[in-house]
Amino acid sequence: MIRTLLFTFDQTTMYRLLVVYLGALLLAAFVLGFFGLVPAEPTALAFSLVVVVGVAEVTHRLFAATFAVPANHESTLITALIIVLLMKPVTAADLAGVGGLAAASAWAVASKYLIRARGRHVFNPAALGIALAGLLLVQPATWWITATPYLLPLIVIGGLLITRKVRRTDIVLAAIAAYVAGAIVTAPAGTGLQELLLSLPQTSILFLAFAMLTEPLTAPQGRWRGIAFGLLVGALATPGLTIGPVYLTPELALLVGNLFAVLVSAPDRLVLTLKAVEEVASNAYDFIFTPSRPLRFRPGQYLEWTLAMRDRDERGNRRHFTVTSAPGEPDIRLGVKFYPEPSAFKRALQSLKPGDRILAGQLGGHFVLPGNKKRKLAFLAGGIGITPFRSMIKHMLDRGEKRSAVLFYGCGRAGEFAYRDVFDQAGDELGLKTVYATQFDETPPEGVRRGVIDAQLVRAEMPDWRERLFYVSGPPPMVRAVRRTLRGMGVPPWRIRTDFFPGLSG
């Protein structure tokens, strides 16, 4: 059952997981409201949901059509759900309250299009909409979702899943630590540490950290920038903190953090024009794009790719894929494997013609080469998981960088091996050793082993495996299986690096 849950989790995009998380909190609050266990009456909660989601969707469609850009409906729904969970639920008779909810929703969505810098929106949309409603309409957020212990398990368990998905533990822990430190420093005399820690679960910081700080487009990439961002927001969110006449609410603290993220981040959004499509293996293609500006990245990092799509499935119009090209190449390559009955996203990708444009941004990932060039490396790839290694090895070729590296590349059949020209060239010029393994071919071609990447193959082809740093990339089940194999061989976890995407790449 655990494997099934992990597979389902890996198949779920970051946006879909966040919608489920927020929706589950809202549903639980609705049910608990009938028993008076949350400060939200069910009828008011349902009415507020209709108002906020309706206004958000209308605003979203209006601006998406005006600016002629691909729109993400799940992102809009996430913004709306956060507003409902943080602002006081109202009934139709409360005209001021209805106006506050509607204005917060409209301002939040509009800000994605109107307040932009370096190719992305500057502020967390929900935080900005809520802050403006409080400052301009005197309809502040109550953060009622955090005012009851009954929702705490759901907030924490779901929040931990979100954090695992986006791999931003650095931000979450930094924010919570700074918040606790700030609460200790500003606590009234005589307040005990135990009392402060016991009150932590019923504060805004947990929901703020899990559901809002981790938004990729308004948080900085990079571990140290992320930690600084979390520390800043957590410290400013300390209860009772003021700057002059301004009382720093959690949403205002996040907006300050968003400004910091813009200042320390590189330009994000790219417009990519399709130049050509190359078949690199059986049912695998490289989409070659001309970027609107040079992209500075490290081999092995990924981008979020956004397509304009008329017919969408439940997974939306955004995906994360590794940048297959090397930093020294002028074009941006996207390597994609197509399977029977592809997703709506891949069908839209297949329909692209030279000259068509798509958007890309949110560069991220720590699956990169070590700074120490003398470190011995082992690359283990399955299927289209070869793409980050193509980027790394092509980068090494372009720079004439000789590293001690062995590549293990497994596919179902020999015809599915991609980029063999790059790996052969690296073998001749850099001494790269490549071991090909095919699982289903009864009689593999010369130079290809039959079987999978297992302990026996690793030991046989790489006697010095105990000295190497392992990189593993491929379908999630393959990555988990190879990691278990390596751990069973005695490879410590800190010498195993696995590729990761905040959402499914299929």
Side-chain angles (χ1 to χ4, degrees), residues 11 13-16 60-61 64-75 113 119-120 216-217 267-295 297 301-327 329-365 383-388 390-391 394 415-416 418-419 421-422 475 501-506:
Q11 297 294 306
T13 65
M14 173 193 64
Y15 298 100
R16 176 54 49 87
H60 159 77
R61 290 180 180 274
T66 301
F67 288 88
V69 296
N72 188 307
H73 293 272
E74 282 185 322
S75 177
Y113 300 91
R120 63 183 183 181
L217 290 179
D268 187 67
R269 190 54 58 95
L270 285 170
V271 177
L272 302 174
T273 304
L274 184 63
K275 181 178 179 180
V277 180
E278 292 182 0
E279 185 172 10
V280 295
S282 176
N283 297 318
Y285 298 85
D286 267 8
F287 290 77
I288 304 171
F289 297 93
T290 301
S292 56
R293 59 172 174 80
L295 175 66
F297 68 100
Q301 290 190 297
Y302 59 78
L303 283 170
E304 182 186 67
W305 309 73
T306 304
L307 289 176
M309 297 166 54
R310 291 184 178 179
D311 300 320
R312 305 183 187 188
D313 57 20
E314 70 280 1
R315 289 166 51 204
N317 66 331
R318 296 180 181 179
R319 294 290 189 280
H320 292 85
F321 291 97
T322 296
V323 180
T324 310
S325 48
E329 296 180 285
D331 297 320
I332 302 295
R333 286 178 175 261
L334 165 61
V336 182
K337 175 77 172 180
F338 290 93
Y339 298 94
E341 300 182 5
S343 64
F345 183 93
K346 285 193 173 180
R347 291 197 301 271
L349 193 61
Q350 282 179 305
S351 69
L352 292 178
K353 301 292 188 296
D356 288 346
R357 295 181 177 182
I358 69 172
L359 299 179
Q362 201 181 312
L363 177 69
I384 200 59
I386 194 64
T387 52
R390 191 270 180 196
S391 179
K394 183 65 171 67
E416 297 174 359
Y419 314 121
D421 57 333
V422 175
F501 301 102
L504 184 70
S505 297

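Keep in mind that what you see is a predicted model, and the values were worked out from it rather than measured.
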Atom pair NZ/CG of K337 and N283 - distance to nearest 0.5 Å = 5.0 Å

For a side-chain contact (heavy atoms from CB on, under 4.5 Å) with F289, tell me which candidate from D331, T273, L334 qualifies.
-> L334

Shortest non-hydrogen contact between A284 and I384, atoms and distance | CB-CD1, 4.5 Å

Anything under 30° is parallel, anything over 60° is perpendicular, the rest tilted; go ahead and classify H320 against Y302.
-> perpendicular

Answer yes or no: is there an ion pair linking R390 with E329, defined by an N-O contact shorter than 4.0 Å?
-> yes

Which atoms form the tightest heavy-atom contact between G335 and Y419, and what is the distance?
-> CA-OH, 3.8 Å

Grab the two heavy atoms, one from F338 and one from Y285, that are nearest each other, plus how far apart they are.
-> CD1-CD1, 3.6 Å

Compare every heavy atom of F287 with every heavy atom of L349, then report the nearest pair and how far apart it is.
-> O-CE2, 3.4 Å

For P294, side-chain contact (heavy atoms from CB on, under 4.5 Å) partners two or more places apart = none

Nearest heavy-atom approach of S325 to S391 is O-OG, 2.8 Å

Backbone of T322 reached by a side-chain donor or acceptor of T387 within 3.5 Å | no

Partners meeting side-chain contact (heavy atoms from CB on, under 4.5 Å) with S282 (sequence neighbours left out) = E416

In Å and rounded to the nearest 0.5 Å, what is the CD1 to CG distance from I358 to L270?
-> 10.0 Å

How many angstroms lie between atom CG of L363 and atom CD of E304, to the nearest 0.5 angstrom?
-> 11.5 Å

Interatomic spacing from CG in L307 to CG in L352 - rounded to 0.5 Å = 6.0 Å

Any sub-3.5 Å donor-acceptor pair from K346's side-chain atoms to A344's backbone N or O?
-> no

With side chains defined as the heavy atoms from C-beta onward, is the minimum distance between H73 and R61 less than 4.5 Å?
-> yes

Can you tell if the side chain of L359 reaches within under 4.5 Å of the side chain of V271, non-hydrogen atoms only?
-> yes

L295 CG to I332 CD1 distance, which is reported to the nearest 0.5 Å | 4.5 Å

Would you say the side-chain atoms of Q301 pair up with the backbone N or O of G365, donor to acceptor, closer than 3.5 Å?
-> yes

